Amino acid sequence: MTKKRILSGIQPSGTLTLGNYIGALQHFVRLQEEEECYFCIVDYHAITLPRNVEQLRENKRKLAATYLAVGIDPEKATLFAQSDVSAHLELGWIMITTSYMGELERMTQFKEKSKEAESIPAGLFTYPSLQAADIVLYNATHVPVGDDQKQHLELARDLAQRFNQRYGETFVIPEPMIAEFGARIMSLTEPTSKMSKSSLVEGSYISLLDDLKTVEKKIKRAVTDSENEIRFDAVNKPAVSNLLTIYSSITNKSMAEAEEHFAGKGYGALKTEVAEVVVDMLKPFQEKYEYYYQSEELDKLMQHGAEKARKVANETLQKVRDTLGVGFTNV
Ligand code: TYM
């Protein structure tokens, strides 16, 4: 069977949360064993909103160390920074010219983020077109993401299809890979909103770098409901369902197995066990993270990844340039 081509990206916008791990990173680690994988630090996406330079420098390193510490193996997958492969921006422009204002205006992430901005940066608006370029540049067949990226992925498919219709078959049409459980890990304090590091309530999210005692405390303080039955029901029991989802995702148990495991037990036991599995996962991660963050090995690995990515990306870009009829020399 031919391998799937996997591409996904994460923004270097601070310490990642347990949501990023369950919705994305955990899948990446599994996929690298079977498929041809490209994982990207999307630093050009991160500057669509103004950033502090020192902070971005640090966040980029933090994210590289996170990828490595969760178990991304640069021998198996290509790990690189978007800004190290200039083809992303070139194809990004081409995908902007393929996009319509109306479809970009409908993006819910754009609507949400532009609400907070005094003046709306144009890059925030064209962000999804660059994301489409990230994907089609590697002829990705599948894109593993959390639920919040679904709309961007639909747009990426539309743009790739539109380009193919206009200019002839050029891009592979990518399929989103969104897991049935765990694609939307919710806040621990307000289980109807997504777990997010931008939340002002610290107890609402678990950062992958939280001190382990704090992790335990946050999970033990997570809201539940007034019943005492442990079952998955995202509509009527969002808090308990979220804890069950975290448990089943990390232990790699099906939801039915997780429910069975907790049958007859109380919410106290649920929280204790969820805290245990999260702490057991984070402990070795944090040790490896410290190593990579400090290490020069990280810089070498990122350079190596960039070289591998550039080769693939430039090949697609050349094909696109030929298709469009631009340029006098090759990339
Ligand atoms: P970003 O950096 O916001 O998030 C990275 C990944 O984590 C997932 N995620 C979650 N999954 C489950 N529960 C949560 N609470 C949760 N929060 C975040 C996201 O869905 C995502 O998969 N636009 C993208 C980055 C990007 C990209 C790409 C992704 C740029 N180019 C090309 C795929 C392919 C973003 O901002 O993700």
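Every number for a ligand or one of its atoms is a count from 1 in the order of the listing. The model shown is predicted, which means the values in this text are computed figures rather than measured ones.
Taking 4.0 Å as the cut-off, G182 counts as a neighbour of ligand 1 on heavy-atom distance. Note on ligand 1: I22 sits outside its first shell, no heavy atom being nearer than 4.0 Å.
Residue-level proximity to ligand 1 for C40 is absent, since no heavy atom of it falls below 4.0 angstrom. Residue contacts with ligand 1 for Q11 involve both N, CA, C or O and side-chain atoms from C-beta outward (heavy atoms, distance under 4.0 Å). Under 4.0 Å from ligand 1, the heavy atoms of V143 that appear belong solely to its side chain. With a 4.0 Å heavy-atom cut-off, ligand 1 is reached by the side chain of V42 but not by its N, CA, C or O. Proximity of T17 to ligand 1, defined as any heavy-atom pair under 4.0 Å, is not found for any part of the residue. Only the side chain of D134 comes within 4.0 Å of ligand 1, counting heavy atoms alone; its backbone N, CA, C and O stay farther away.
No close placement of the H152 and F110 rings is indicated, their centers lying 6.0 Å or farther apart.
Residues T17 and S196 form no side-chain contact, since every pair of their non-hydrogen atoms from C-beta on lies 4.5 Å or further apart.
The nearest heavy-atom contact from the protein to atom 9 (N) of ligand 1 is N20 ND2, 3.7 Å. Here the heavy atom of the protein found nearest to atom 19 (C) of ligand 1 is D148 OD1, 3.3 Å. Of the protein's non-hydrogen atoms, G19 O, 3.2 Å is the one closest to atom 11 (N) of ligand 1.
With distances taken over non-hydrogen atoms, the option nearest atom 36 (O) of ligand 1 out of Y205, Y127, F28 is Y127.
Taken to the nearest 0.5 Å, the CG atom of L208 stands 7.0 Å off from the CG atom of N20.
Near Q149, meaning under 4.0 Å from one of its heavy atoms, ligand 1 places the atoms 20 (O), 23 (N), 24 (C), 35 (C), 36 (O), 37 (O).
Shown are K218, K217, R221; of these, the salt bridge (Lys or Arg N to Asp or Glu O under 4.0 Å) with E202 is made only by K218.
Between R57 and E54, at least one side-chain N (NZ, or NE/NH1/NH2) sits under 4.0 Å from a carboxylate O, which counts as a salt bridge.
Ring geometry for Y247 against H261 counts as parallel: the plane angle stays under 30°, on a 0 to 90° scale with 60° as the upper cut.
Counting non-hydrogen atoms of neighbouring residues, nucleotides and ligands closer than 6.0 angstrom, the CD atom of E296 reaches no more than 12 such neighbours.
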